[in-house]
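Remarks on the structure that follows.
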Amino acid sequence: MTSGSVPRLADLHLHTHYSDGTWVPEDLVAEARRLELAAIALTDHDTVEGCAATAQACAACGIEFLCGTELTAEQDEHEIHLLGYGIDTHHPELLTRIARFQTVRQDRIREMVARLNQMRVPLRAEAVFTLANCRAPGRPHVARALVNAGLCGSLDEAFERFLKRNRPAWVPKFKMSATEAISLIHHAGGAAVMAHPGLNRSDQVIPAMVEAGMDGIECFHTKHSAATARHYLELAERYHLLVTGGSDCHGLSKGVPLIGTVTVPYERVEILKHRIAEHAEHKAAAAPAAP
Ligand code: AMP
Ligand code: ZN
Ligand code: FE
Ligand code: FE
C-alpha cells in the first residue's frame with residue numbers, strides 16, 4: 001500500500017441464507033461494496049450453493065471473490081470447522097459428500113424438534129424447514145423458529161436452554177474427520193484452513209491436521225481476542241501455515257451485521273490464491289496423460 005491510499009481489505013468468512021446467514025448473496029455483496037472491501041469469500045456451512053450468485057454480484061461491482069465452504073468435521077472428539085477456499089464448486093466427490101452432510105443436517109432438525117416436543121415445546125419441524133429454506137439447516141434455524149413462535153425470548157436463550165452441547169434438545173451430528181475434510185478440500189482443488197481455532201480450544205489436534213496437509217489457520221476472527229490472534233499467528237509461523245481472517249458474519253441474525261469488522265490485508269488473499277494455484281498445478285501434474 002502506498003502512503004495515503006485506502007488499505008485493500010478482505011473478509012474471508014461470510015455466510016448467506018444458503019446456510020444459517022440471513023442475507024441473500026446480493027445483500028452480502030452490497031454490504032461488501034458499501035464497506036469498500038477489495039475481496040470477500042463465501043463460506044456457508046456444508047454447501048457451495050451460494051457461490052455462483054455471489055461471484056456474479058461481486059463481478060458486477062469489481063470485488064474479488066473466492067468461492068468457499070465451511071465443512072463441519074471432528075478430530076479426537078473436538079468439533080473442527082474447515083474452510084475450503086478456491087474449491088471447484090462442481091467437483092463430483094465434493095458435491096456427493098456435501099449432499100450426505102445436508103441429509104444428516106435435515107434428519108438432525110427432525111430429531112431436535114422431536115426432543116423439544118417431548119419436553120412439551122410445541123415446535124413443528126416444518127416451521128424450521130420453512131424458515132431455513134435451505135439444504136443445510138442448523139441449530140440457528142431451530143433457535144429462530146423458537147423465537148418466532150414465542151417459545152423463547154432470544155436466540156441466546158434458545159441455545160442456553162435447549163440447543164447448546166449437552167442441553168436437552170442438542171443432537172450430535174455425524175461428522176467426517178478433520179483430516180478427511182482436508183483431503184476432500186484438496187481433491188476439489190481448494191486450500192484447507194482451520195476456522196476459528198480459538199473457539200474450539202483444540203490446539204492439540206493441530207499437528208495431525210498439519211500432517212494431513214492443512215494449508216492455513218484463521219488467526220483473525222470475531223471471537224478471537226488480540227492475545228488469541230497473536231497465539232495463532234505464532235502457531236502459524238511454527239507450522240508454516242497461511243494466515244487468514246474474517247468476521248463470520250451471518251447477516252442480521254444477531255442484529256448488527258459483522259461483515260468488515262474483521263479483515264485481513266489483500267496481500268493475504270494473494271498468498272492464499274498462490275497456494276490454490278499450486279494445488280491446481282500439482283493436480284494437473286499428477287493427472288494421467290491424455291491417450
Ligand atoms: P450447527 O451447525 O447446526 O451445529 O450450528 C452451529 C452454528 O450455530 C454456529 O455456526 C453458530 O453460527 C451458531 N451458534 C452457536 N452457538 C450460538 C449461540 N449461542 N447463539 C447463536 N448462534 C449460535
Ligand atoms: Zn453459522
Ligand atoms: Fe464455524
Ligand atoms: Fe462460519
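Residue numbers start at 1 and run along the sequence shown. Both counts, for ligands and for their atoms, begin at 1 and track the order of listing.
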Show me, by chain and number, every protein residue that has a heavy-atom distance under 4.0 Å to ligand 1.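 The 4.0 Å shell around ligand 1 contains D20, H45, R105, R108, G138, R139, P140, D156, F159, K173, H250, K254.
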Are more than 12 heavy atoms from other residues, nucleotides or ligands located less than 6.0 Å from atom [atom1] of [X]?
X    : atom1 : result
E237 : CD    : no
E211 : CD    : no
R124 : CZ    : no
E111 : CD    : yes

Are E180 and R97 close enough for a salt bridge, meaning some N to O gap below 4.0 Å?
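Salt bridge flag = yes for R97 with E180.
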Open item on the list: Looking at E36 and R8, is any side-chain nitrogen of the basic one under 4.0 Å from a carboxylate oxygen of the acidic one?
Closed with: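 Salt bridge between R8 and E36, a charged N being under 4.0 Å from a carboxylate O: no.
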query: Do the ring planes of H81 and H196 sit parallel (below 30°), tilted (30 to 60°) or perpendicular (above 60°)?
result: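 Rings of H81 and H196: perpendicular, over 60°.
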I would like to know whether H282 and H279 meet ring pair (Phe, Tyr, Trp, His ring centres under 6.0 Å); could you show each step before the answer?
-> CA-CA 5 Å; H282 286 150; H279 282 317; 7.1 Å; no
**Asked** Between the side chains of H221 and D248, is a donor N or O closer than 3.5 angstrom to an acceptor N or O?
**Response**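 Their side chains do contain a donor-acceptor pair, which is all the 3.5 Å distance test asks for.
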**Q.** Nearby protein N/O/S atoms (those under 2.8 Å) for the Fe ion (ligand 4), with water ignored
**A.**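 The answer, once waters are left aside, is H13 NE2, H15 NE2, E70 OE1, D248 OD1.
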